[in-house]
Every structure is written in C-alpha cells, then in structure tokens.
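Before any comments, here is the structure.
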Amino acid sequence: MAYKTNPAPYQRTKKSTLQIMIELGIALAIVWLAAVITTFIKLGSSYGVKSILLMVVSVAVTFACDAINTVVRNKKDKTLGKKIVYDLIHNYSWITAMIFTLLCPVWTSYYVVIVGSIFASVIGKLVFGGFGKNIFNPAAMGRIFIQLCFDLSAPDSVHKGLDTVTGGTLTGAFNSTQQWLGSYPLEGYSTWDILLGNYFGTMGETFTILLVVLGVILAIRGVINWRAPVFYVGTVAISSLLIGLVLGFENPLLYMIYHLGLGGLMFGAVFMITDPVTTPTSPFGNCIVGVVAALLTVLLRVGTNNVEGVVYSIAIVNLISPSLDIFITAKTNKNTGVKAGVTFGLSALTVALTVAMAWSANGGREINTINGLSRPVYEELESYTTTFTFMEEKDYQFSIYSKGDDPTGTKGVGKCAGAYSIVNASLEEVGVVYGVPSKIYIDMNGFELEVESVAYVAISTETGKVLGISPASKGYQGDVYGNKVKDFLGGYDFENNDFTVVDVPSLQTGASYSLVGMQQMANAALTIYNAAYGK
Amino acid sequence: MILFRSVGRRHLDGHKELSKHSEIINLGSKKGSKVYFPTMAPNASAIKVLVNPGDKVTVGQKIAERTDFYVPIYSPVSGVVLEQENLFSTNVNRPIKHIVIENDGLDTPSDPLKTVTLDSTKEEIFAAIKEAGLVGLGGAGFPTYVKYNNPQGIHTLLVNGVECEPFLTTDFVTMQKEVDALLNGCELLMKASGASKAIIAIKVHKEEVRDAIKAKLDTHPNVTVKEVPDVYPMGWERTLIKEVFHKEYDRLPAEAGVVINNGQTVISLGKVLLTGKPITERTITVSGDGIKNPTNVVCKIGTQAKELIEACGGLACEDVNLIPGGPMCGKAVNNDVFPITMPMGSLTILKVKTYVEEPCLRCGSCTNHCPSGLQPVEIRRALKAKDYERMIKLNVMSCVECGMCSYCCPSRIELTDAMRNAKTVTKFKLSQMKK
C-alpha cells in the first residue's frame, strides 16, 4: 500500500494524440477509398490498382525512412526494436504519407511518389526532429518538391479516357484556358461534377462535398481546429465571388465554385491548414493564418496563374505561424473585439487586394462574351483582321503570317481564296495576347476536344465559308493534338466539305486544339469576317 | 465572439454518482480519539496557540488564532490538550507542528458565542461573522468576514453551490439537507453585504437540490436559484460571475457588484450565527475508484484522513493517489495522517494512472480551454527556454492551477506542473525586479 504523488491533475481526457491521428487517418482513408473507386470506374483496373499501390508504396517508404532515422539516432540503445515500432506508430508518418499520396494525380510514376515521400518524410519532418517539431507541412513539402522536379501532366494513355486534354487535370485546364479568371463552363463538366468530384485532379482533391462533410465531422469531434479552415474557405469564397461580380463575369457563383472546388482548396482546408504542428496554437492566430492563406491562394491563382496555389500558400503560412505564436501573448479570452476587428479587417483587405489583382491581371477590362468568345479574345481577333491580308486569289491559295511582318512561309494545302488568321507566335504571346482567354471549344462532326483560343481559319472570299482551320502547332502538346485533328480531318473530301487542314510547322504555341474549339473559332472568324467584309 | 475567444471551459466526467446517494457516515465523537490543528494557515502565516499541553478544553473553546487575519479556531471536542506533534499538513504541504486534543467523549459545551437574529443590524452581523471563525468551505479557505468588511455597491449575493470538481458531492448532500440554514444564511449575508437579492447557483442535473430549495423559497422572495452548465471550472468565481452576470472583473468580484460565497459557508453561517455554536464538524466526500465504499462522511474537524479512509472500507487497491480536494486542483500527498481542515471538501482516492508523454503536437487544446485565457503551451516553451520576460508577458501569474491544461492535453504533457514551476520562477523574478 503506497500513496503515490505523481503530478496533478488525476483525471485526464480520454482523447489521446494517437486517437486524434487515427480519426484523421480514417477520414483520409475515406477520401482515398472514394478516389480508388472513381479511378476504377473512370480509368479502368490498371489505374485503379495503381491508386491503391501508390498509397502502399508511399506509406512503406515513409515507414522505412522513420525506421532508418530511429536506428541512426539510437544506435546503441538495447530496446531499439521496441523504439522502432513505437516511432513507426507515434511519428505519425503514415498521416504524412496518406496526405502526400492524395496530393498526387493517379498517373504519377511510382518513382516520383517514392522520391516525394522521402523528401516529405526526411526533409519535411525528420531533420527537424520528428513529429511535433517540423516547421512546414511535410506533405506540402513533398508535393511542392515533385511539382518542381517532375512533369506531372497526364500521359497519353489517360487522355484516351479523358475529355480534357490540357494539363491532364481539370484544374490545369481551368488554369491554362481561363487563367483563373473566367466563368465559362468547363466543357463536359457540370457544377455537380465539380462539387461531387466527378473529374480528374490529384487523387484526394476532387471530392469537394465529401471533404466538407468530413471536415465538419472532424471539427465536431475535436480532431481539427475549425477556425483556420473557416476563415480560409470563407475568405476565398468572398474574394472569388467579388472578383466575379466586379469583373462582370457571366456567372460569378460558378466562378466561386471553381475556386472552391478546383485546385484542392477543400482538401487543403480540411487536412493541411489544420495540421496543428505547423499552425499557431491560439484561436486568434488560427483565424489570421486562415485569412493569410486565403490571400496567398487567390493571389497565386489569379496573379501568377498557378495550379498549386493551395499547397504553396499553406507552406508559406507555415512560415509565419511561429511569429504569430510569439506576437500573440495577450490573454485569449480578452479583447475579442480588437481581434475580430483585426481578422475581419485583414479579410476585407484580402478581398480588396485580390479583386485589384484580378482587375489588373484582366487588364482592367470588362469581360463579357461576343459570339461565345470573351471580349478580349474577340477584340484581339478583330485587331488581327486588319493586320492580315486576305488574298484575293482564285486558285484558293492562301498564306498565313505570324503576328510580326515576317511571313512564316506556311502554304495552304486546301483551296482557299483568303485566309483568316488568328495567330500567336510564341508561348509568351499566348499569355500576352490572350491574357484572359476563355476556353474555346470546337466540335467538328461530333468529335470533341477543347482548345486554347488560337487557330488559323481560312475563309473563302468567294463563298464566305470557312475553308480551313489550322490546328497544328509544333512543340508542347501541339504535335499530338494537331496531328489528331489532322488525322481526323485527313479523310475529308475538301471539294464537298468546307474544311481543310493546314500544317503550320514553324509556329510554336502553348495551345492544344480541339475540334469543338475550332468550330467555335471558325464561327467567330466568320462573324468577324462578315462584319468586316460585308458578306 | 467565440470565433476569436478561447472556450475556457469543458465538460468533465463528474463521477458524482459514486457518492451522491450513498449513506452518509457520521464518525461522531469517540472517547480517546484525537484531533489535530496545524499551526500554520494555508498562506503559511503563523497561527498563535492559546492553549498549553495539559489544559482541559470544552467544545467551542477558542484554542488558537490566525495572526494575519483575525480568525479564531475553536475546539470541536472537549478533552485534554496534549504535546504538539509533527504532522504533515495540507496547508503548507510539509510536516509542521500540530495542536493535539484528546477527546474525552463528553462533548462538554462552553459558553455560546454572541448570537444574532434575522433582524439584527449590518454591524452586528459582521461582528458575529468575524467571531465565528469561518473560512470559505469551498477549498481555498479565505476568511469569510473579510468580504463583508464594509462592502460598497454590492447588488447581489451569489451562493456558489456549483461543485464543479469531479467526485465531490458535499455541497450536493448538505445543501439538500440544510435548506433552512442555507436560506437563513442568505438573508444574513444579504443584510451584511447590502445586497438586494441572492442567487444560488447550482449545476443542472441537480434536481434534488433545486427542488428542495425551491420548495422553501416562498418565505424568501429575494432568493432565486440559477442553474448553470455542467462544465469545469464553473465553480471558479470568474467563470461563475461571467456565466451568471456576463461581467468580467479585474481583481475582486465586488467590482462587478457581487459578493460570492460557497454554499456550505452560507449554511454554516446560518447555523453558527443563529445558534452561537461554532462549527465543529463538516461533511467530506471520500470518493474515487481507489476506495471501497465511496460516500460522504461527517467528522470532527481535525480528524486524521486515515480514520475517514477506514470508515469507508479502506483502499481498494495497492497504489493510490490520495488527494485532499478534488482530482483537478488537488495535489496528491504521500501519507494519510494529515488532519482534515475546515476548507477541505473531499478526499479523492484514485488508482494510480501513469501516462506516456508524447511530443507536443501544438493542437492548442490547452490554450483553448484555459479558463484564465492563458497559453500553457507557450508558457511551457518559455519555461524551457528560461525566457522569464516572455512568461510575464504571457500573464503566467493569472494561472489558478485548475488542472485544465493537463486534463485537455492529448499528448499527456504535465502542463499544470510546468505552469506551477513557471509561476514559482516568475514570482521569484518579479520579487527580484522590485528590488
């Protein structure tokens, strides 16, 4: 019989760190399950199996890193075996691995996932001293590393199962076609597809509604701190809605849904910005972090046209978290008015800044649509009509010029009396000329692809009909898609049909082409041509 | 707004059912038993002993007196004073001299104190409270009369019957049993403080107490019962006043126009002031999973803890934590010979649980639940870094050691211990800075 004097208090909560992490792991597993099922249905069993194996590989690699770390740090310990097992469970590397894997698209190579997992685990976490001591979110570190080092765009084999061809993911498509500044419906995807996750992205990011539900459950169960995500998502939502309203988008609400549903924002809000280790401890600090992350996300998306706005912004706010912890020393239950003022003030500032940024990125112009084209694109088209010559030749020859005076020397294969050109000569020019291009779709006889707003259109000056469209541009994915179109059109009888294919080998564009887009392009060109030449 | 503010409270598993309805054991007054009185008050000030070994004392005879505040200590038994003994005292957490009185079992009463009636004046009541030698029975043991020393601008008397510590049921059983004394005490204290109304705060789910009080409220129109949420630390003055009045204050509750007293203190006052018999015994909860028959025990003040443990059937297992007080605020002691003091509300006896500490995951649970609005996680880091200025900046001295941070910590970090250490070093630093 003995009276022990271990430290007070003598009653403790049942909730342990292990339990918190297991609940988080279950939530991640649910997202993963959804991803696996979706992959099996949409891309078939080989990718379905890969979606399972990627996770297994990533977890195994981080476990290996942990084990080696423990061995190196406790070389002479006699209970090394026990220590390794303890560390494997209590370093919570499996959470890191799960988050990291869900941040990768399913077509990521195994070696990329292995390299990313090692980076996330070793550089992101273990060099700092393991769980609880890392500065950056390890999974975000891994993701940024592979983003910078490897090409994560989808391979051809995936394209066959996809409608989207640009960049591989829908977020990439939205990024490269509308530059995060447009509310044109993404071809083939309804709003519900985006909310429910019926599109391709990284494995975990697509299931917006599922993620919201999981986030609410986790917050109620006290697993995650709800303040940062609430301010994060809230500020992004208000920012994007206001950008949509101020810039006069057709559908500001859809624009907001794109911002919330694409690019893994919800995944970041539920699983990454809530990482307790790398965010502040005080309630006020968490509010601030949410707002700052929102600012960075929208700025990175709108200002620099970046797909990975979420991961980058979370990594950057991880940097300011320690400072916030140092600055916030006042009592946490006092001066709530001041704190609310600061947070909402920051929020308002964020919204103002992002709207201004969007405005300037958009050239300060009002966007609306003419003939299915956004106004800037239309205006650009119109300006080109005056630059390019329509050659009045009866033998249907035509030439195409790039923007400068230098003719590219391209010769028409078809028979055209004139050429209507919409040209961009280089990648930079895509950005400059079509600063805010909408995604344009061309549909030729049911064959669907989506394109940038770049094409050569040949219009007969006699009949006023479109004679040829040049989809081909060399370099970047131009070859692939150009040739696809060419192959498809190659079988056409030009005498009886209105279309021809022009090969433009010397032009470099960042565009990819689709027949849907070309149809629209042709229509637009026709409209402009008719307006200009009165046919 | 809750968005920016920490929560500062949390529901705990109360374990009240262990002793709530158990039969109360009365140890009575046995011949040959001894009672002990420490010669140091809880704030380590000395207590002047007025009796010598060999003296005969009667029940209610003044045997000692505190030196900082005037608090007389009355003998709860009649008998002979023995030589002083060194015993562990919970007042100062170390062995000190104790006055020892051997009970002769006769309970010879001495002359009663000056009594008051419900119609007495404010000054008469104040004098009687002072003479009664009452200290707060809720646990801290602050002399009751000090609060009534010419208070200004008091509008409400708040009776704290919340009892938010787990396992404790003394307030529950006594408030239920002695409603008349409680209400009389309320009337007297309202008069003494100049308050126009009294609010008795009890937790929800204490229907028995609520109904017992409400049944007798007809004759006391200025007294109301207020039910407060079952969260910890609801019984702390600041939390309770914030809950009931939505007011915060800087130093003393009087700034919010409230005077606050523990329910048992009010009951004792109601009895002592009207009868003139000093308080000689109190009800103590002996509970926890380390004792065989958890229940409430009525015993003479000064009885040794081991007698109570024996009365409750002894320990249930080998290694236990014996905590004078509740499991949250209390601190386990390494012996069972210490005597029961007047403010001690319970003996909590728990099976020893050991926890494996994990690295801090910086979840902020401790910050979010600290009732004082502190950031224990940051204070612990500052303590590790020996950054005293930062500890002062983080208001470490506002810590009340309620135990909430350690309770909440999912990584089982001994935060309350760290907070105690931080307070000690900061106190030292502050005293150095003054010089």
Side-chain angles (χ1 to χ4, degrees), chain A residues 1-21 86 90-92 129-133 222-227 230-231 275-287 321 325-326 328-343, chain B residues 1 3-6 8 12-13 166 248 315 318-323 327-336 348 350 352-355 358-368 370-375 377-378 390 393-395 398 401 403-404 406-412 414 416-417:
Chain A
M1 201 163 77
Y3 296 108
K4 302 282 181 191
T5 54
N6 43 321
Y10 304 92
Q11 191 169 348
R12 302 290 172 94
T13 174
K14 288 193 183 88
K15 195 168 77 182
S16 67
T17 303
L18 183 64
Q19 189 198 336
I20 288 177
M21 292 301 171
Y86 182 86
H90 290 267
N91 231 342
Y92 307 112
F131 175 71
K133 302 191 179 66
V223 175
I224 60 173
N225 192 330
W226 50 271
R227 286 186 179 85
V230 162
F231 276 89
D275 174 19
V277 178
T278 53
T279 47
T281 52
S282 59
F284 181 41
N286 265 310
C287 299
S321 299
D325 274 340
I326 284 177
I328 299 169
T329 54
K331 287 197 174 184
T332 53
N333 55 4
K334 294 267 165 67
N335 300 329
T336 43
V338 177
K339 288 170 185 169
V342 170
T343 314
Chain B
M1 276 173 89
L3 268 174
F4 307 98
R5 187 166 53 76
S6 54
L12 306 186
D13 194 352
E248 289 182 38
L315 301 180
E318 274 296 296
D319 289 351
V320 293
N321 289 129
L322 170 58
I323 310 144
M328 296 295 286
C329 287
K331 201 168 187 310
V333 294
N334 61 2
N335 63 79
D336 57 3
T348 312
L350 296 172
V352 175
K353 289 186 199 102
T354 47
Y355 302 100
E358 279 192 62
C360 173
L361 80 159
R362 300 167 42 70
C363 62
S365 187
C366 48
T367 304
N368 198 20
C370 178
S372 288
L374 305 182
Q375 300 183 44
V377 51
E378 291 301 315
R390 183 158 164 76
K393 255 191 199 166
L394 287 163
N395 304 305
S398 307
E401 298 174 28
M404 187 66 115
S406 286
Y407 176 89
C408 293
C409 184
S411 286
R412 316 293 186 212
E414 301 294 354
T416 311
D417 230 32

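Lettering of chains follows the sequences in order, A, B, ..., and the numbering in each one begins at 1.
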### Query
If you round to the nearest 0.5 Å, how far is CG of B:Leu350 from OH of A:Tyr10?
9.0 Å

#### Entry: Region of A:Thr279 in contact with chain B, defined by heavy-atom distances below 4.5 Å
backbone

### Message
Under 3.5 Å, is there a donor on one side chain and an acceptor on the other for A:Ser282 and B:Thr367?
### Response
no

### Message
Using a 4.5 angstrom heavy-atom cutoff, name the option from B:Cys370, B:Cys329, B:Ser398, B:Ser372 with the most pairs to chain A.
### Response
B:Ser372

### Message
One pair to check against salt bridge (Lys or Arg N to Asp or Glu O under 4.0 Å): B:Glu414 and A:Arg12. What are the steps and the verdict?
### Response
CA-CA 11 Å; B:Glu414 301 294 354; A:Arg12 302 290 172 94; 2.7 Å; yes

### Selection from B:Asp417, B:Thr348, B:Leu12, B:Thr354 maximising heavy-atom pairs under 4.5 Å formed with chain A
B:Asp417

### Query
Would you find a donor on one side and an acceptor on the other, under 3.5 Å apart, between the side chain of A:Thr17 and the backbone of B:Pro410?
yes

### Query
Would A:Tyr3 and B:Val333 satisfy side-chain contact (heavy atoms from CB on, under 4.5 Å), going step by step from the backbone distance to the final call?
CA-CA 7 Å; A:Tyr3 296 108; B:Val333 294; over 6 Å; no

### Query
Are the side chain of A:Gln11 and the backbone N or O of B:Asp13 linked by a donor-acceptor pair below 3.5 Å?
yes

### Query
Once the angle between the rings of A:Phe231 and B:Phe4 is folded into 0 to 90°, is it parallel (under 30°), tilted (30 to 60°) or perpendicular (over 60°)?
tilted

### Summary
So, the part of A:Lys334 with a heavy atom under 4.5 Å from chain B: the answer is side chain

## Note on the structure
From the list B:Arg390, B:Lys353, B:Lys331, the residue making the most non-hydrogen contacts under 4.5 Å with chain A is B:Arg390

### Message
Quick check on A:Lys331: does its NZ atom have over 12 non-hydrogen neighbours (other residues, nucleotides or ligands) under 6.0 Å away?
### Response
yes

